[in-house]
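Note sheet for the following structure.
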Amino acid sequence: MFVDLGLWMSAFGLLVGLVFPPVLVLMGVPSGVAFHWSFQALCVGAGLLVGGVNYLLARAVVGSRMRALARGMDLTGRHLAVATDTGVTGLGDRERWTLPVDSEDELGTVAIAYNDLVAEVLRFQSVARAIASVSAAAVAAGRACAPERVAGAVLDALLEATAADSGAIVREDASGLQVLSARDCDPLQLVAAGPGARRHRASFSIGDAPGLLVVETSQSDDEGLERIVELVADLLAMTLYTADLQADLRRQAGADELTGLSNRREGLSRLRQALEHARGTGTPIGVLMIDADHFKAVNDTYGHLVGDEVLRHLATTIRSVLRPPDLLCRYGGEELLMVLPGAEVSVVAAMAERVRSTVAASPWLLSDSDGADGVPVRLTVSVGGAGVHGPDIMSVEAAQHQLLNRADAALYTAKRLGRDHVTMADAVGVPGVGRLPS
């Protein structure tokens, strides 16, 4: 551009130098003077000199600004290329990338447009960094399937990425407003305060349950922060929905469909965890094997659908006697397994008798043809129990195998005694004989 400008300015100066002498003649200057070769050479030289000076001035005034713009655009382009290839973002000091605006002409307009572009790039990258940070935190916490943990990780990452001062995440369910996470604020007060110049909020929904994300900052109002909050709210909704779905799937995978109890796999997993805890703390642990008496006769007499109802009734009845740390699972068929963490052998025996007597005192009501509750049908169970102390556990796998075998052997002893019995395995693994006193 400047080469072309220099050529045009030199040509224009040459033209002025050639035209100037005839113009002087028309103005009354003697032709001998105006067309003298020395005067004409002086005019042409002056024209070329003026053209050259104009070229230098244009290059100095316009060129410096154009070079600054080109340099800034080149740096920005290279930075974006690196960010695209590596994912590393951040322009650093904004002043380093902006151009001075010292005129109101086209060059000033170009500088303003470039500075606006840099501002948008910075805002975009701040949003991208924040979303990337929050996404990583959400993915890491989402594996736990706990909504509170997911919300806490998302909120922590959001506040760190945006330098906001406080925030809260709440959602509403059937029980009312639930605070999933809050940092440095009264969440209910922050939610009730409504939007403001330095308070940004965005709603989200998880199925039919609405939620709200609110952050507050002492910094000036920032459209970038507002956009980040909106994007994080969308991300939070998807993450919480996924966490809820995974939690439901895990519950379903660990639950027995018929009775609602834990299934065999979940029960054995929890037993291993309890044995590991007992070994680490030196505390005792016990198990009960519980089997419904004459259950085949129930199926043969009333049918398998009624048998299913009887199993559900047994599960509900036995579950009513559990202590808070205890676990009851369906071990197989009509056989149930109860895990009793922290229970001495005497406690295990007492619980076994409590289970037996509670079932015996809770008959199942056989419905008549009209669906009304009819004749009570007495049910009984046989129970075998076993226990172990934490210091005696050398291997969790071996302890689990021996504990279940001892309890199972005790159960079969109770069956041989005529059913509706409780039998405890003795300390060396040989089933004891006898029904504990009521």
Side-chain angles (χ1 to χ4, degrees), residues 143-145 250-256 259 261-293 295 311 314-315 318-319 321-356 381-417 419 421-436:
R143 300 189 184 100
C145 301
R250 288 187 179 182
R251 282 193 293 268
Q252 293 174 15
D256 175 62
T259 62
L261 301 175
S262 298
N263 59 23
R264 180 187 180 111
R265 181 178 63 181
E266 177 68 13
L268 293 179
S269 175
R270 294 280 294 276
L271 175 57
R272 282 192 296 271
Q273 294 174 8
L275 286 168
E276 289 175 355
H277 179 75
R279 182 175 65 173
T281 59
T283 54
I285 180 174
V287 297
L288 297 179
M289 284 289 192
I290 308 165
D291 189 70
D293 296 329
F295 188 76
L311 274 180
L314 281 175
I318 297 174
R319 186 161 45 190
V321 305
L322 293 178
R323 308 173 306 161
D326 299 340
L327 171 72
L328 182 65
C329 75
R330 186 181 180 188
Y331 194 68
E334 65 273 16
E335 193 172 10
L336 306 179
L337 170 66
M338 184 182 293
V339 181
L340 304 166
E344 297 281 356
V345 173
S346 59
V347 175
V348 176
M351 176 62 79
E353 175 57 23
R354 186 178 179 187
V355 168
R356 187 205 63 79
V381 293
S382 298
V383 186
V388 66
H389 284 83
D392 298 330
I393 300 174
M394 303 302 295
S395 165
V396 170
E397 289 76 12
Q400 175 178 282
H401 180 74
Q402 294 173 5
L403 196 60
L404 292 176
N405 279 349
R406 291 169 57 208
D408 198 49
L411 171 63
Y412 279 100
T413 298
K415 289 282 189 182
R416 287 196 302 270
L417 289 173
R419 296 177 172 81
H421 273 64
V422 168
T423 302
M424 292 295 297
D426 64 16
V428 296
V430 179
V433 178
R435 174 174 171 177
L436 296 179

Output yes when a side-chain donor or acceptor of Arg330 lies under 3.5 Å from a complementary backbone atom of Gly267, and no otherwise.
no
Less than 3.5 Å apart, any donor N or O on the side chain of Asp291 or Ser382 sitting next to an acceptor on the other?
no
Are there more than 12 heavy atoms of other residues, nucleotides or ligands under 6.0 Å from atom OH of Tyr412?
no
Just so I know, are the side chains of Val355 and Val422 near enough to count as touching, which here means a heavy-atom distance under 4.5 Å?
no
Is any side-chain heavy atom of Glu334 closer than 4.5 Å to one of Leu314?
no
Sidechain-backbone polar pair: His401 side chain, Ala399 backbone, donor-acceptor under 3.5 Å
no
Spacing of CZ belonging to Arg354 relative to CG belonging to Leu322, to within rounding of 0.5 Å:
9.0 Å
Evaluate the side-chain proximity of Leu340 to Val347: yes if any heavy-atom separation is below 4.5 Å, no if none is.
no
Does Arg323 reach the main-chain N or O of Pro341 with its side chain, forming a donor-acceptor pair under 3.5 Å?
yes
Rounded to the nearest 0.5 Å, how far apart are CZ of Arg319 and CE of Met338?
11.0 Å
List the atom of Leu261, the atom of Ala315, and the distance in Å for their closest heavy-atom pair.
CD1-CB, 3.7 Å
Check the pair Leu337 / Leu404 against side-chain contact (heavy atoms from CB on, under 4.5 Å), numbers first and verdict last.
CA-CA 9 Å; Leu337 170 66; Leu404 292 176; 3.9 Å; yes
For Gly333 and Leu311, which heavy atoms make the closest approach, and how far apart are they?
O-CD1, 4.0 Å
Determine whether His389 and Glu344 satisfy the following criterion, side-chain contact (heavy atoms from CB on, under 4.5 Å), listing intermediate values before the conclusion.
CA-CA 8 Å; His389 284 83; Glu344 297 281 356; 2.9 Å; yes
Within-4.5 Å side-chain heavy-atom neighbours: Leu271 and Ile285:
yes
Quick one: CG on Leu328 to OG1 on Thr259, what's the gap to the nearest 0.5 Å?
7.5 Å
Please examine the side chains of Leu411 and Glu335, heavy atoms only from C-beta on, and report whether any two atoms are closer than 4.5 Å.
yes
Nearest heavy-atom contact between Ala425 and Ala386 is CB-CB, 4.1 Å
Calculate, to the nearest 0.5 Å, the distance between atoms CD and CG belonging to Gln400 and Asn405 respectively.
10.0 Å
With sequence neighbours excluded, what pairs up with Arg272 under the side-chain hydrogen bond (donor to acceptor under 3.5 Å, both in side chains) test?
none
Can you tell if the side chain of Arg270 reaches within under 4.5 Å of the side chain of Val339, non-hydrogen atoms only?
no
I need the minimum non-hydrogen distance between Val348 and Gly286, along with the two atoms involved.
CG2-CA, 3.7 Å
Is there a donor-acceptor pair under 3.5 Å between the side chain of Arg265 and the backbone N or O of Leu268?
no
Ignoring hydrogens, what is the shortest heavy-atom contact between Arg279 and Ser395? Give both atom names and the distance.
NH1-CA, 4.1 Å
Closest approach of Ile393 and Ala278, non-hydrogen atoms and distance?
CD1-CB, 4.1 Å
Side chains of Val383 and His421: does their closest heavy-atom pair fall under 4.5 Å?
no
Any Lys/Arg nitrogen of Glu353 or Arg356 sitting under 4.0 Å from an Asp/Glu carboxylate oxygen of the other?
yes
